[in-house]
Every structure is written in structure tokens, then in C-alpha cells.
K.L.:
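Following this message is one structure expressed as C-alpha cells.
What you see is a predicted model; the values in this text were computed from it and never measured. Every chain is numbered from 1 and lettered A, B, ... according to where its sequence line falls, protein lines coming before strand lines.
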2 protein chains.
Amino acid sequence: MTKQTDKKKHHHGNLREALITAGVELLEEGGIDALTLRKCAQRAGVSHAAPAHHFDGLQGLKLAIAERGFQMFSKYLRDAIDTGPQTPHDRMRSIAVGYVRFGQDHAGLLDVIFGGHGLAAIVNEGGRDEAEAYLILREVCAPFVPEGDNPLVVEAQVWSLIHGFTLLFLAGEFGPPDQPLDGGPFDQIMALLARVGTPP
Amino acid sequence: MTKQTDKKKHHHGNLREALITAGVELLEEGGIDALTLRKCAQRAGVSHAAPAHHFDGLQGLKLAIAERGFQMFSKYLRDAIDTGPQTPHDRMRSIAVGYVRFGQDHAGLLDVIFGGHGLAAIVNEGGRDEAEAYLILREVCAPFVPEGDNPLVVEAQVWSLIHGFTLLFLAGEFGPPDQPLDGGPFDQIMALLARVGTPP
DNA sequence: GGGTCAAACTTGACACTGTAAAGTAAGCGC
DNA sequence: GCGCTTACTTTACAGTGTCAAGTTTGACCC
């Protein structure tokens with residue numbers, strides 16, 4: 001049994017976390033293409049082959065980064081909700097704002113989390129942090145679930161709408177991605193979001 | 001003025017199209033990571049540096065592949081709409097079916113089209129084929145646009161919802177991505193889609 | 001304390017990638 | 001025939017992920 005309270009390891013001292021942090025930094029600075037095993041290693045001050053002892057190759061590192069990313073993502077959602085007014089409708093709007101804001105602030109992380117082969121693999125492996133984000137969604141959706149209905153229905157509707165809007169918005173499909181949310185296409189999405197789970 | 005009707009070029013005979021086709025094939029066989037300039041060149045029977053004379057590097061090739069992908073995408077949408085019943089609501093459902101089907105059949109292409117740095121660049125450059133897909137969307141949305149309203153509102157709602165659902169569905173967030181659409185979460189999305197553009 | 005051993009890390013190598021520069025060949029106008 | 005632009009090849013180089021060995025380090029046990 002190791003005695004130290006913090007997880008200092010043999011040589012470097014929790015290299016694993018340092019590599020993830022380096023990866024997040026690279027991601028923010030240069031996007032998904034700048035994320036490289038060797039550059040992470042260099043930034044953490046170790047040799048290029050050191051990461052192999054902590055992750056299963058580049059994909060393993062991306063998985064770990066996605067885990068960290070989900071934590072940040074959950075924090076964005078939670079903060080947005082806690083900061084705004086507490087009407088069910090306002091909380092719904094807040095989670096959407098948090099979703100888009102996270103994408104604006106951390107586009108590279110969003111790519112790792114939701115892009116390509118990322119998501120499915122994460123869900124099946126270390127889906128704890130993603131589950132937390134989903135719990136926030138569930139919590140916000142709950143007031144809109146009709147009595148006796150499966151909450152999954154509203155959740156799928158809300159998630160799909162917000163997710164799709166965020167990606168298209170960030171891709172510039174609805175105008176410049178750095179435009180303010182209020183008064184833009186975001187409001188139109190919220191209008192539809194307000195009709196979620198209501199009887200026809 | 002060149003005399004040949006088909007665009008046979010000097011040596012290879014329209015290498016450009018051959019490279020794009022090779023790229024699409026690689027994409028279907030091995031996903032986005034299998035798409036490589038050198039492998040495309042090899043498959044087209046030319047040296048690895050030949051593609052540089054037709055595309056601006058790998059990104060240029062991806063752009064051209066995305067253009068081809070948008071043509072296939074539009075065909076999927078159009079076919080789905082033409083095949084099904086012609087009620088406005090049915091046409092709306094059909095375009096969503098075509099969207100998801102395209103993703104199921106050509107996941108790699110969807111990555112190139114909508115993933116990463118793809119979309120924004122395409123829109124700003126050779127957005128002709130993407131415009132065609134958007135025109136189909138517009139056409140299907142038209143009956144749902146309230147008198148005097150800006151059609152962009154409904155279009156943004158519909159596109160966001162379908163796009164988000166497709167990506168999440170293909171990522172396995174709503175169960176196995178090869179499950180039949182009828183009777184699954186897809187129906188729940190369609191339920192919300194039916195409330196598009198209606199007054200509150 | 002000293003020995004044992006496994007984990008953490010380094011070194012070196014390999015195949016593969018994109019890209020640039022220089023060389024070669026092929027088609028076209030004249 | 002002669003130039004000359006275009007299409008393509010050859011060669012080279014800096015990075016990349018990954019594997020197979022070495023080397024160091026720390027922990028544990030007697």
C-alpha cells in the first residue's frame with residue numbers, strides 16, 4: 001500500500017495527469033491536429049515513448065482527455081444552470097447556453113469528446129463523467145416530461161436539438177460562431193425547445 | 001481548346017476524379033483515419049506526390065471529397081423524399097430518414113463533410129453541392145413556415161434537430177446505430193419535428 | 001543494509017505520414 | 001522540327017505512432 005496521500009509516482013510524479021493536461025493545452029492552442037503523443041510527452045518533460053506506459057496509444061490518450069473534457073463540460077452546464085434564473089424553462093435555456101459556450105471556448109475538446117470515434121468508445125469504457133453530464137440533462141428535462149412518460153423521450157429530443165444546433169452553429173452554418181446568442185438563431189432553437197414533451 | 005468530350009488529361013486521364021473516388025473508397029473501407037494522400041495515389045496508380053498537382057494538400061483532397069460527398073448526400077435526401085408519401089409531414093420524415101441512412105451507409109463521408117474543420121471551409125469555397133442539399137431542406141420545410149415568417153427559423157430548427165439526432169444516434173447514444181428507425185428513438189424526434197414552426 | 005523485482009522511463013529503430021524541391025516526360029501550339 | 005506549359009516521378013526531410021530493447025528508480029522483504 002502506498003503511503004503518500006497525493007498520487008506521486010516513482011519518477012515524474014503523476015505523469016498521467018501531466019500528459020492529459022498537456023494534451024488539453026495543445027488542443028486549445030492548435031486544435032485536434034496539434035494533439036500529438038510526442039508533443040504531449042515533450043511538454044510534460046519526458047521522452048516520446050513515456051506515454052505508452054500510461055495510455056493505450058494515442059487513442060487511449062484521447063480517451064483520457066475526453067474524460068477530463070467531460071468534467072469540464074459538466075461544469076459548464078452546471079455553472080450555466082446555477083447562474084441563471086430557476087424557472088424550468090430558464091434552466092432549459094441555460095443548459096443550452098452552457099453547451100454552446102463550452103463549444104465556443106473549447107472547440108478542440110468538443111471534437112475529442114463528440115467527434116469521430118470518440119463518443120461511443122467513451123460511453124462503453126469510462127462513462128462516469130459523461131453520465132454526470134447526462135444526469136444534468138435529465139434533471140433539467142424532468143419538469144417537461146409528461147406524467148407517466150419515459151424521460152428518455154424528452155431527453156433525446158432536447159439533446160439532439162441542442163447538440164445539432166451547437167455543432168452547426170460552431171461550424172458557421174448560422175452565421176459567425178462568435179456572435180452573441182441572444183437575438184440570433186439560438187432563440188429560434190429555444191422556441192422549439194419550449195414545445196418539447198407537450199401533447200400535440 | 002481540348003477536343004475530347006470527356007475530360008481525359010495528358011497522362012493519366014482525369015486523375016483528379018480518380019483520386020477522389022479512391023479517397024471515397026478508402027473512407028468507406030477504413031474510416032477517416034484510412035484516408036491518406038499516399039494511399040489515394042497508390043490506388044489511382046500514380047506516385048505519392050502526384051495529388052499535389054490537383055489538390056492543395058490533404059485538406060484540399062478532403063474538400064474535394066466533401067464536395068463529392070455532398071452530391072451523394074443530396075441524392076440520399078432526394079431519393080428518400082421521392083420514394084415516400086408526399087404529405088408535408090411525410091416528406092419531413094423522409095428527409096430525416098435519408099439523413100440518418102446516409103450516415104449509416106457512409107459514416108466516413110459524414111465525418112469528412114461535417115466533422116472537424118470540414119464544413120465551414122466547404123461552405124466558404126465550393127458550396128454549390130451543399131447548397132443543393134440545403135435547397136432540399138428548404139423545400140421540405142416550406143409548408144411548415146408560418147405565413148410571413150422567415151423560413152430560416154424553421155430550417156434552423158429542423159436541421160439542428162435532425163443533425164444532432166443523426167450524430168448522436170450514429171455514435172450509439174440511443175442504442176445500436178444499426179437498429180431499425182421505426183419504433184425507436186427516431187420516432188420521438190419526429191414527434192418534436194411535427195411541432196416545428198407552429199405557434200405556441 | 002542489501003538484494004530482488006517490478007514499474008517508470010529512455011533510447012533506438014521502423015514504417016508511415018504530408019510536403020517541398022528538383023528532375024523527367026508528355027502533350028500542345030507554332 | 002522547337003519551345004513550353006502541364007503532369008507526373010524521384011528524392012529527400014521532418015514528424016508521427018508504435019514496438020523492442022535497455023536503464024534507472026523506488027518499494028518491498030529478509
K.L.:
Which atom pairs, one a donor and one an acceptor, fall under 3.5 Å between side chains of residues 34-43 of chain A and the rest of the protein, sequence neighbours left out?
P.N.:
from: Arg43(A); atom 1: NH1; to: Glu25(A); atom 2: OE1; distance (Å): 3.0
from: Arg43(A); atom 1: NH1; to: Glu29(A); atom 2: OE2; distance (Å): 2.9
from: Arg43(A); atom 1: NH2; to: Glu29(A); atom 2: OE1; distance (Å): 3.1

K.L.:
Check whether any side-chain N or O of Gln86(B) sits under 3.5 Å from a backbone N or O of Gly84(B) as a donor-acceptor pair, and report yes or no.
P.N.:
yes
K.L.:
Taking atom C1' of dG18(C) as reference, at what distance in whole Å does atom NZ of Lys62(B) sit?
P.N.:
11 Å
K.L.:
Can you tell me how far P of dT16(D) sits from CD1 of Ile32(A), to the nearest Å?
P.N.:
14 Å
K.L.:
Is there a donor N/O on one and an acceptor N/O on the other, under 3.5 Å, for the side chain of His48(A) and the base of dG15(D)?
P.N.:
no
K.L.:
Enumerate, atom names and distances included, each donor-acceptor pair closer than 3.5 Å involving a side-chain atom of residues 175-186 of chain A, sequence neighbours excluded.
P.N.:
from: Gln179(A); atom 1: NE2; to: Phe174(A); atom 2: O; distance (Å): 3.0
from: Gln179(A); atom 1: NE2; to: Pro176(A); atom 2: O; distance (Å): 3.0
from: Asp182(A); atom 1: OD1; to: Arg93(A); atom 2: NH2; distance (Å): 2.6

K.L.:
Does Lys39(A) have a side-chain nitrogen or oxygen under 4.0 Å from the phosphate oxygens OP1 or OP2 of dG15(D)?
P.N.:
no
K.L.:
Quick one: on DNA chain C, does Ala49(A) or Leu58(B) contact a more 5' nucleotide (nearest heavy atom)?
P.N.:
Ala49(A)
K.L.:
Find the distance Arg38(A):CZ to dG18(C):P and express it as a whole number of Å.
P.N.:
17 Å
K.L.:
With the threshold set at 4.0 Å, does a side-chain nitrogen-carboxylate oxygen contact exist between Glu132(A) and Arg78(A)?
P.N.:
no
K.L.:
Over how many whole Å does the gap from Leu37(A) atom CG to dT17(C) atom P extend?
P.N.:
17 Å
K.L.:
Phe102(B) and side-chain contact (heavy atoms from CB on, under 4.5 Å): which partner among Thr166(B), Leu77(B), Ile113(B)?
P.N.:
Ile113(B)
K.L.:
Quick check: closest heavy atoms across Ile189(B) and Ser160(A), and the distance to 0.1 Å?
P.N.:
CD1-OG, 3.6 Å
K.L.:
Could you check how far NE2 of His53(A) sits from C1' of dT25(D), rounded to whole Å?
P.N.:
13 Å
K.L.:
Whole angstroms only, please: what is the CD-C1' distance between Gln42(B) and dT9(D)?
P.N.:
15 Å
K.L.:
Would you confirm whether the ring centroid of Tyr76(A) sits within less than 6.0 angstrom of the ring centroid of Tyr99(A)?
P.N.:
no
K.L.:
Do His54(B) and dT6(D) share a donor-acceptor pair, side chain to base, under 3.5 Å?
P.N.:
no
K.L.:
Just checking Ser47(B): base, sugar-phosphate only, or nothing, at a heavy-atom cut-off of under 4.0 Å?
P.N.:
base
K.L.:
Starting at CG of Leu19(B) and ending at C1' of dG18(C), how long is that distance when rounded to a whole Å?
P.N.:
15 Å
K.L.:
Nearest whole angstrom, please: distance from the C1' of dT16(D) to the CG of Leu61(A).
P.N.:
14 Å
K.L.:
Provide a list of protein-nucleic acid N or O atom pairs under 3.5 angstrom, restricted to nucleotides 3-5 of chain D.
P.N.:
none

